[in-house]
Amino acid sequence: MSHVSTSPGDSPFRSERSARDEAPQFVLPLVVRIERGAPPARTDALETAARSVLTLLADERALGDGEWAEAVRDWQDARIRKVVRRARGAEWRRAEALPGITVTGESAQIRVFPPVPLDGWPKDLAKLQVSGTDLDDPEPPAGPDRARPVLWMNPELDMSAGKAMAQVGHGAQLAWWELSDEDRAAWRDTGFPLSVRTADPAEWPRLTDSGLPLVRDAGFTEIAPGSCTVVADHPALRRDPVDSRGVPG
């Protein structure tokens with residue numbers, strides 16, 4: 001299983017211009033199913049989006065000589081862009097007919113597709129709307145189980161659900177890159193369990209200084225370039241062990 005390594009100055013999620021900007025630009029399309037009257041819960045949609053990115057990265061078609069591998073390599077050599085669009089009814093059925101993977105959460109369904117050129121979306125996906133992905137949680141999510149990965153979101157940023165789905169996908173991808181083959185396999189074999197939560201404002205500075213994978217947004221949409229959006233808190237990457245109750249050891 002190949003690893004993609006990035007130095008801090010070469011991060012695909014930083015706002016500063018780098019060699020990655022000279023490469024052909026690709027985007028990873030994600031489509032969230034939002035039926036009228038039955039939208040998914042926001043947190044479940046975010047968690048499902050993160051798992052969908054991991055599912056694609058671990059798929060045999062994205063590795064080695066797989067049919068999606070070249071597109072995935074080209075995408076990872078440039079800026080790592082993800083765009084979330086919404087679909088319902090016939091739109092969703094057309095999206096499901098295209099090559100990709102559908103990942104299902106408790107209330108959310110997201111289909112992830114192999115990367116495409118920035119200006120080369122399949123017509124059935126290009127017609128889908130980016131706006132209108134605002135979602136809510138029926139009730140506040142419970143505290144996360146820190147024995148499994150947690151993607152912590154910046155409490156000071158106000159992002160649409162679509163933007164937040166892309167950001168947690170970035171965070172999950174950074175964690176994936178940092179893991180050993182053994183830890184990757186363990187995460188994959190258990191179905192990529194993870195939680196997405198908004199960090200406590202008092203804890204956010206500690207998280208951003210923890211050495212855990214940190215997403216700094218390139219600023220293409222919604223938020224200022226360089227904004228810290230997500231910290232990927234995977235147990236295998238923590239400097240301080242945490243027991244099953246979420247207590248540092």
Side-chain angles (χ1 to χ4, degrees), residues 1-6 10-13 20 26-33 40 43-85 95-96 98-106 108-116 122 125 144-152 164-196 212-215 230-238:
M1 189 179 294
S2 62
H3 285 259
V4 177
S5 61
T6 60
D10 186 41
S11 170
F13 306 116
R20 289 178 176 276
F26 287 73
V27 61
L28 187 77
L30 297 100
V31 175
V32 55
R33 185 178 187 180
T43 295
D44 186 45
L46 268 56
E47 293 173 349
T48 305
R51 289 193 296 111
S52 72
V53 171
L54 294 164
T55 300
L56 180 129
L57 290 172
D59 193 282
E60 61 183 12
R61 289 168 289 185
L63 302 171
D65 296 324
E67 61 186 291
W68 299 343
E70 183 177 0
V72 170
R73 284 193 295 269
D74 288 342
W75 170 61
Q76 292 186 138
D77 284 342
R79 291 286 185 176
I80 308 297
R81 301 188 190 214
K82 300 177 180 74
V83 173
V84 178
R85 301 190 177 210
E96 279 205 303
L98 297 174
I101 305 168
T102 297
V103 177
T104 301
E106 292 181 6
Q109 279 186 290
I110 292 179
R111 189 160 180 85
V112 60
F113 302 87
V116 297
L125 299 184
D145 176 1
R146 293 201 64 218
R148 69 184 199 173
V150 184
L151 301 174
W152 295 106
M165 281 186 248
Q167 296 301 303
V168 297
H170 294 340
Q173 187 167 2
L174 285 181
W176 180 252
W177 286 349
E178 291 294 322
L179 292 172
S180 67
D181 286 345
E182 181 181 5
D183 287 327
R184 284 184 180 188
W187 202 11
R188 179 197 65 218
D189 292 347
T190 53
F192 296 116
L194 57 84
S195 300
V196 173
L212 291 166
L214 171 65
V215 179
V230 176
V231 172
D233 183 7
H234 192 291
L237 302 177
R238 292 175 190 149

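Here the closest heavy-atom approach between residue Gly100 and residue Pro114 is recorded as CA-CD, 4.3 Å. In terms of heavy atoms, Leu98 sits closest to Pro122 at CD1-CB, 4.2 Å. Heavy-atom minimum distance, Arg81 versus Phe26: CB-O, 3.7 Å. Of all the heavy atoms in Leu237 and Leu212, the pair that sits closest is O-CD2, 3.5 Å. In terms of heavy atoms, Leu125 sits closest to Val31 at CD2-CG2, 3.9 Å.
Scored by the side chain to side chain donor-acceptor pair (under 3.5 Å) test, Ser195 finds Arg148 as partners (sequence neighbours excluded). Residues satisfying the side chain to side chain donor-acceptor pair (under 3.5 Å) criterion with Trp187, sequence neighbours excluded, are absent altogether. With sequence neighbours excluded, the residues that form a side chain to side chain donor-acceptor pair (under 3.5 Å) with Arg33 are Glu35, Gln109. When the side chain to side chain contact (heavy atoms under 4.5 Å, CB included) test is applied to Glu96, the partners found at least two apart in sequence or on another chain are Trp92, Thr102, Arg111. Ala172 pairs by the side chain to side chain contact (heavy atoms under 4.5 Å, CB included) definition with Ala50, Leu54, Leu151, not counting sequence neighbours. Partners of Thr48 by side chain to side chain donor-acceptor pair (under 3.5 Å), not counting sequence neighbours: none found. Residues forming a side chain to side chain contact (heavy atoms under 4.5 Å, CB included) with Ala236 (at least two apart in sequence, or on another chain): Leu179, Asp183, His234. Shown here are the side chain to side chain contact (heavy atoms under 4.5 Å, CB included) partners of Glu70, two or more places apart in sequence or in another chain: Arg73, Asp74.
When side chains are defined from C-beta on, Met165 does not count as touching Lys82, because their heavy atoms never get closer than 4.5 Å.
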Please table the atom pairs, donor to acceptor, closer than 3.5 Å between any side-chain atom in residues 59-66 and protein atoms at least two apart or in another chain.
residue: Asp59; atom: OD1; partner: Arg61; partner atom: N; Å: 2.8
residue: Asp59; atom: OD1; partner: Arg61; partner atom: NE; Å: 2.9
residue: Asp59; atom: OD2; partner: Arg61; partner atom: NH2; Å: 3.0

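A side chain to side chain contact (heavy atoms under 4.5 Å, CB included) with Val112 holds for exactly one of Leu28, Leu57, Val84, Thr55; it is Leu28.
Listed for the Asp44 side chain is no donor-acceptor partner under 3.5 Å among the backbone atoms of Gly105. Here the side chain of Trp68 pairs no donor or acceptor atom with the backbone of Pro115 at under 3.5 angstrom. Checking side-chain atoms of Arg184 against main-chain N and O of Trp176 turns up a donor-acceptor pair under 3.5 Å.
In Glu67, the CD atom is crowded: over 12 heavy atoms of neighbouring residues, nucleotides or ligands sit closer than 6.0 Å.
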